Amino acid sequence: MDVDLTDEDYVIQRAKAALKSNPLSAKAWMITAKTLYPNNFGVQFEAYCIEKNAGHVKEAAKCFSDLIGKFQQQPELWKEIENVTLALRAESDTNDPEKQFLCEMFKHISPDVQHKLLLCTADHCEDTMEHCRLLLLLLQRFPTAISSYGSRLVDTLISAEKHSHDGNFPLNAYRKLLVCELLPLLATENAKVDLSSKLLQKLLYKAVEFYSCSLGLTPGVSPDPESKVEDPWQKLFAVIEFIGKQLEWEHYLVNFGSNWTKESYWQKIVTYCQARINNLDDKQLLFCSSIFFLHCLHEYSVSLTPESSPGQQQNTFVLVEAFVDSSLPNPATEPKSKKRKSDDYLYPYISVEKPELKNIHSNFLMVVNCWDLFQSSEHFQREFFMLNSFLKLESCFTNFLIDYAIYKGKYDDALVYLQKISDSNMLLNKYINIAGILYFKKNYKSCFEHILLAIPLLPSGIVGSLSSALSVGGNQRHLHYLPLTYTAILQYFVKLLLRCTKENMAKHNYSELAIGHILTLVQLDWPQEEEFVPPLMNQIQQHGSFNYILFQNYIINVDILEEITYLWTNQGGQITLDIIPHMGQRRIGTRGADKGAKEEIKQIIRRQVARSNENISELLIRFITHERELIFQSLM
Amino acid sequence: MSAASEVNLKQTLRKLEFPLCAKEALNKIGELICGRITSIKNMDLALDLMSEFIFCEVDRRGNKRSSPLSALLELQLLEILFEHFNGLTNEAARNTVFLSLFSGTTALQRAGILSKLVSLAIGIPSPAILTSASTWMQQLGCTSAHSCKLAQAIVHDYFHLVPSAADRMKILPDVAPQFTANFLTAVAENYFNSKKKDQPYPSESLLQTITQWISQNAHLCIAAQQKQAALPPGAIAMEATTAIAGLIRWCTLAPMYEQDSQLYSHLHLALLNSILEIPHTTPPKAICAQHLATSLRFILLYSNKTGKQSNLQLALDRFAQAVQVALSTKCVYGKIDDLIHQLQQLPFNKLMSIVINTHKECK
């Protein structure tokens, strides 16, 4: 044995030496060492390390408690304290055995010492973020400390946010700590914390701003995955519950309990408004209905791009003005709307592609309700806009405002909003809506211009299928949630163009070009559009000839070819079919006398029939893009 | 009570058969000595009733009986005693009767019945009787010959006679912590002590039970000091002696007697932990310096016989550790300076010299 060993080292060395052969004896040595040198940090810390390395949770906790009581100035101890707090913060998601050990050890420290440890680490900490995190940890572990430190931490976080470099960015780390961690703590049942009503409102602002940003409602602020929050609405509602309670707001306006539904909450807002019909200028209605509006708006936007089932492509829907066929009866309406049958004409019929998408419709109507409420009082409207401009949320309304204007039939309003869209991701929507509106405003040429702008933007990767709901019976207006697929958009455009051409025909006596275009266009949604054909055939028959220079390029539908060929036969009236190129130059004398020409027409018809299986979508795209001049002609 | 009614009482009891008379006598004794005002006369009468009607030591004329109780009658008596004490909820009254029954000049005579009664109370178990037994040990002295004899009898019953019954002992600290503490003190005196020649070391199972008790409950050793016993009015409460010093002697001496069971290391550690847990009192009362010093004699004897050096050093290490921890927690009372002086007489051990120097510096 080393004779130069100091007494302290001797005792520690004996403890360490015994560790392997006889852990019990090692512990006895350690206890002896600790009582021999109670004020020697080296010995005490060594004792702690030995217990820690041996994995003795309880013993380590005891040593650690002693150390904290006596040696707060020792840097080595501080390092270990930091390790403990670090481990505590990562408690839920650590596989590091040392961290797990430290967390377990913390649990065996008496609450007094735990409290002391966290508080003095926080005070000791020079980094504000660290300080706040540690205080938060303290409050999480010791709810009783909330009343004494809660409001202090609120102040610290608010001022830290103000002074941090990304303070004007609502998703900064201080805000997250404040909104996601501290507010829920303050809201716990037994926490007693005194905050001024001004501060409470400020906190509510901050929470709304934070969650709306993290939901991606605020443009220009793209939430990074770090700041993604689970179930943000539930959390925001919890904040409102807490702050509403503090501000003594109506219980039913700030109660978002488990059986909360949008419909029932809307009823509560209505009740509240009816009770204060002449006095809608209070904050609670403003906040509650604004946040409710944002919630409904968000649900609406989310429902426009529903989750797709695995393996299927995700689809987005856009509200368009669709078509009615007055020859057919009204579509079966929901039993709910039966009640107000008398004012059915006020409300357009809104259709969706599939029954499971009906929630888009109901979500939309709820947002409309809220919006109408905001419009109902000038004061309220002003306050609402102030709130939203503060939160920089107006721009996220644009899409809804377009839908709202279309819904209300305010086409000019809709066009104003639509013209402002410059976001390249929204251009397709923009052109679809403008084209639709222009058709209904009977501005056929401009309608076509916008179709032409949209064609290059069609999502070629999302083929989709033809919609069967673009046209319904009855005579009320019809709106449809059009899926943004290649086929469905094209179908919508073709229907628009078809109707533009058809309606423009009335201006002229007889336009073979327009008839040819229509025959081309009806082919896409055949036989849905079949009813357009018989009147045209009548016109041709009366006129006695049909000249369409694009015939060979685009008319390939067997039914249509059959109809035309029939007109050409003796039974059909022997019309002149001017479909052979350069026919004019050949100067055919007698009608039908030129056997060669007759044979040629038969050949052409046969060739066209043979093409009937061609991809009709591609054919129509070609038609729209290559024949724009001729199409414009028919729209003159 | 007048002389006439005294006679009357005895006459009435004499009409009853044993053990019915014992049962009735117990009730009368309770009335006689647990009242608010008791007199010497009442006490004398109670003692008379005990020896005549309960233990049947004398006949109606006060003459000593030649043959004591038969085994069968003794069993009946035990049943009566058990029922009586177990049913008494008033602790002071129970302790009063218990103490008067089993102490004094007749204590030795009745020790057999007492140990059987306590054994029974452990087995069933009866916290009430064990509490009274604990008070009895404490009042007579936990390290007294009476207590040691009782402890020995219990060890005999539970560890030697029926080894499988040791399981019953495991829960004893939960049933009767004060009794367990006093039992430990007494049992500690029975081994590693020159008093007992026939069986110098505790059996493995006894050692194991004790180690387990103390490891699991660091406050067990001082349990009897934590709770004031309920005593007859006017009685002077005796402070319980803890088992710590006695058991430290076990651990210290074990290496020198070639008792190398790992359990001694374990027990030693459990004792150090127990000492650390002793609450501070002024004056200290947990460990007596002289009691602690009893090991010294054996160590010196051993070193003079030139025993194995490594065993001696292990013994000294353990002893030094125990002394250090005890002194540092300030739970030692008595002549500490004498103890230190005696420690200096021991063969050299580095830790012991550190402990001695540290103690001198601290003064």
Side-chain angles (χ1 to χ4, degrees), chain A residues 1-44 46-48 50-51 54-67 69-70 108-110 112-113, chain B residues 211-212 214-216 218 247-248 251-252 254-255 260-278 280 309-311 313-332 348-362:
Chain A
M1 209 159 281
D2 194 342
V3 283
D4 295 333
L5 228 48
T6 64
D7 290 352
E8 288 91 328
D9 289 345
Y10 169 77
V11 182
I12 287 291
Q13 197 225 11
R14 288 294 305 265
K16 280 182 168 174
L19 210 56
K20 279 220 175 80
S21 57
N22 188 348
L24 296 166
S25 148
K27 280 192 183 182
W29 276 101
M30 212 117 59
I31 291 170
T32 314
K34 281 167 66 187
T35 62
L36 268 171
Y37 308 107
N39 299 316
N40 183 317
F41 174 73
V43 171
Q44 299 292 320
E46 190 64 45
Y48 164 71
I50 290 171
E51 296 289 12
H56 299 142
V57 176
K58 275 188 202 161
E59 289 82 352
K62 196 170 181 311
C63 291
F64 196 68
S65 307
D66 293 347
L67 285 167
K70 276 186 204 156
H108 283 89
I109 297 177
S110 75
D112 281 3
V113 180
Chain B
T211 306
Q212 200 180 345
I214 298 176
S215 304
Q216 283 168 356
L247 292 175
I248 284 172
C251 299
T252 304
D260 54 1
S261 165
Q262 182 71 8
L263 284 168
Y264 285 106
S265 281
H266 203 156
L267 177 60
H268 177 62
L269 177 62
L271 286 167
L272 295 188
N273 279 321
S274 296
I275 298 171
L276 288 175
E277 295 292 324
I278 293 172
H280 187 74
Q309 191 59 29
S310 61
N311 289 347
Q313 285 302 322
L314 176 56
L316 288 170
D317 279 343
R318 279 189 187 160
F319 193 44
Q321 287 170 353
V323 170
Q324 166 55 31
V325 176
L327 288 177
S328 78
T329 44
K330 306 208 184 323
C331 61
V332 184
F348 180 78
N349 171 280
K350 175 140 187 182
L351 180 63
M352 189 61 88
S353 69
I354 294 174
V355 171
I356 293 168
N357 290 336
T358 305
H359 179 73
K360 284 185 173 166
E361 278 165 29
C362 288

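Note on naming: letters A, B, ... go to the chains in the order of the sequence lines (proteins, then strands), and numbering restarts at 1 for each one. Given the structure is predicted, the values throughout are model-derived calculations rather than measurements.
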Novice: Can you confirm whether more than 12 heavy atoms, excluding those of A:K58, are under 6.0 Å from its NZ atom?
Specialist: no
Novice: Is it the case that B:Q324 and A:T32 place a side-chain donor and acceptor less than 3.5 Å from each other?
Specialist: no
Novice: First locate atom CG of B:N273, then atom NZ of A:K62, and finally report the distance between them rounded to the nearest 0.5 Å.
Specialist: 8.0 Å
Novice: Between atom CD1 of B:I275 and atom CD1 of A:I31, what is the distance when rounded to the nearest 0.5 Å?
Specialist: 9.0 Å
Novice: Using every non-hydrogen atom in the two residues, find where A:L5 and B:K350 come nearest and quote the distance to one decimal.
Specialist: O-NZ, 3.8 Å
Novice: For the interface with chain A, which of B:L351, B:L272, B:L271 has the highest count of heavy-atom pairs at distances below 4.5 Å?
Specialist: B:L351
Novice: Nearest 0.5 Å please: distance from the NE2 atom of B:H266 over to the NZ atom of A:K27.
Specialist: 8.0 Å
Novice: Taking the side chain as everything from C-beta on, heavy atoms only, tell me whether B:D317 gets closer than 4.5 Å to A:R14.
Specialist: yes
Novice: With side-chain contact (heavy atoms from CB on, under 4.5 Å) as the criterion, how do A:N22 and B:Q262 come out once you've worked through the C-alpha distance, each side chain's angles and the decisive distance to 0.1 Å?
Specialist: CA-CA 9 Å; A:N22 188 348; B:Q262 182 71 8; 3.1 Å; yes
Novice: For A:L36, run the side chain to side chain contact (heavy atoms under 4.5 Å, CB included) check against B:V325, B:L327, B:I354 and tell me which one passes.
Specialist: B:I354
